[in-house]
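Contents: one structure, followed by commentary.
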Amino acid sequence: MKIKVSKDKKILAISVLVLVFIGVSYAMTNAQAYMESTFVTGSLLELIPEECRVLETSKGVLAEVEFQRDKSGKIMNKTDINLLAANVTAGSFAEYRLTIQNISELTVTVDEWRLEIDKENNSLADYISFSGIVTVKHHDGEYTDILGSFENVTLARLSSALTSVMQYRKIERDDKIVLDIKLQFVDEIEPFRRNPGLSYELIPVFIQYFPENNDLAQESEKP
Amino acid sequence: MSALFWKKGKKMRFFNLALVLTVLILTLGVMGAGYAAWTQKFTVEGNITTGQLQIKIKDAVLESSAGHDSLSFTAHQDNGVVEKIDMNVATYANPYQAVIVFTVENTGTVPAACSGLIKDAYPEIKMEIVEVPDVIAPGTTGQIKVKISGSYCQNLNFSAFLKFEQVISGK
């Protein structure tokens, strides 16, 4: 009888382990599928292509904002944008405007901005600085809040500058985040023997906004 | 009878365990979905390329010369670009001089200007730029006049470089 119980326990333990593995793999698959679904990627925040543009450039610079499009020219993904600047020289600049709208029911905030620089194409990284201003437009532009600004920040410090301006700030339903960002090259650049260039990715991570204890206390005090 | 209850209890335990595991699986799934739903990333990609400064000497002609008995001038071209100039001067006068006109083309993408001339350190030969355009726009050509004057010398080979820089305007 004892031997039977021991066998049952073993079978039970193995079954539990198998089921736990199935559960974990199901959870991971579910999360991944959910992450990639159009519902999620297309429903929280989106870039507004009509309001993303080049504001100003110095003479000779060919600047452009570019979205991924399919063969028919339709924008495939409104969460990716490419800021192009070609033919830049010493002293030149390019200024862009990006507009992101919260089209979800959730109030969101920026958790952080991440920066990834292409190690194969970074020879201009030390010759460029960024200035910018971040505003939030409420009720279709009826009210505007300036979240903050930064000036002459190096590429290495750009993500932390953007994070400090936008972190913990509430972005409510239909609010538009307007980011005006200016790239400025230094006046003197050492001549390059090979193809100079720079390629980088800025990745803002939006999360659902959870009010802090103070906010909750203030709300509960309201009549 | 007791065996029947034991069997029933065993079934119940198994049912409870299955229920707990199912709830656990669903909870993990919902947690995954919930986390994914509340997080969204954007990618702002930046790509920057520079302009190119590239000047080609398309032609070189002798415009004028003086103070010599004989002078021959040949511009050697390779694929439409002047690679070398041979100038043979026979003279008893001191000094002699010649003016060479270089036709240069801006094949780069940025406006350029000739900012000077660098020559090997031969004091017998003097070179100076006498006429130069302020700016040579990309895709256009310009003419640069260079005056050469020399005193007595024999079998002298020297090199000279026209120096070009980017013209920064409209900042």
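Residue numbering restarts at 1 for every chain, and letters A, B, ... go by the order of the sequence lines. Since we're looking at a predicted model, the values are computed, not measured.
- For the set Val16(A), Val65(A), Leu47(A), Ile22(A), the entry with the most heavy-atom pairs within less than 4.5 Å of chain B is Leu47(A).
- Chosen from Gly197(A), Ser15(A), Ala85(A), Ala94(A), the residue pairing most often with chain B at heavy-atom distances under 4.5 Å is Ala85(A).
- Surrounding NZ of Lys78(A) are at most 12 heavy atoms belonging to other residues, nucleotides or ligands under 6.0 Å away.
- When heavy atoms are compared at a cutoff of 4.5 Å, Leu98(A) approaches chain B solely by way of its side chain, counted from C-beta outward.
- Here the OG1 atom belonging to Thr89(A) is positioned 10.5 Å from the CG atom belonging to Leu53(B), to the nearest 0.5 angstrom.
- By the neighbour-count criterion of 12 heavy atoms within 6.0 Å, atom CD of Gln52(B) is sparsely surrounded, having that number or fewer from other residues, nucleotides or ligands.
- Contact annotation for Leu183(A): only side-chain heavy atoms (C-beta onward) come within less than 4.5 Å of a heavy atom of chain B.
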Trace of the side chain to side chain contact (heavy atoms under 4.5 Å, CB included) decision for Ile48(B) with Phe185(A): CA-CA 11 Å; Ile48(B) 300 164; Phe185(A) 277 81; 3.5 Å; yes

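- Counting non-hydrogen atoms of other residues, nucleotides and ligands closer than 6.0 Å to NZ of Lys137(A) gives a total of 12 or fewer.
- In summary, of the residues considered (Ile203(A), Asn77(A), Ile100(A)), a side-chain contact (heavy atoms from CB on, under 4.5 Å) with Phe42(B) occurs for Ile100(A) alone.
- For the set Ala63(A), Ala86(A), Gly60(A), the entry with the most heavy-atom pairs within less than 4.5 Å of chain B is Ala86(A).
- Counting heavy-atom neighbours within 6.0 Å of Glu83(B) CD, excluding the residue itself, gives a total above 12.
- In plain terms, the two heavy atoms of Glu45(B) and Ser199(A) that are nearest each other are OE2-OG, 4.5 Å.
- Formation of a donor-acceptor pair under 3.5 Å by the Asn87(A) side chain with backbone atoms of Thr109(B) is found in this model.
- For the set Asp118(A), Asn82(A), Asp80(A), the count of heavy-atom pairs under 4.5 angstrom toward chain B peaks at Asn82(A).
- Within 6.0 Å of NZ in Lys56(B) there are 12 or fewer heavy atoms belonging to other residues, nucleotides or ligands.
- With a 4.5 angstrom heavy-atom cutoff, Ile128(A) touches chain B only via side-chain atoms.
- Counting non-hydrogen atoms of neighbouring residues, nucleotides and ligands closer than 6.0 angstrom, the CD atom of Glu151(A) reaches no more than 12 such neighbours.
- More than 12 heavy atoms of other residues, nucleotides or ligands sit less than 6.0 Å from atom CG of Asp70(A).
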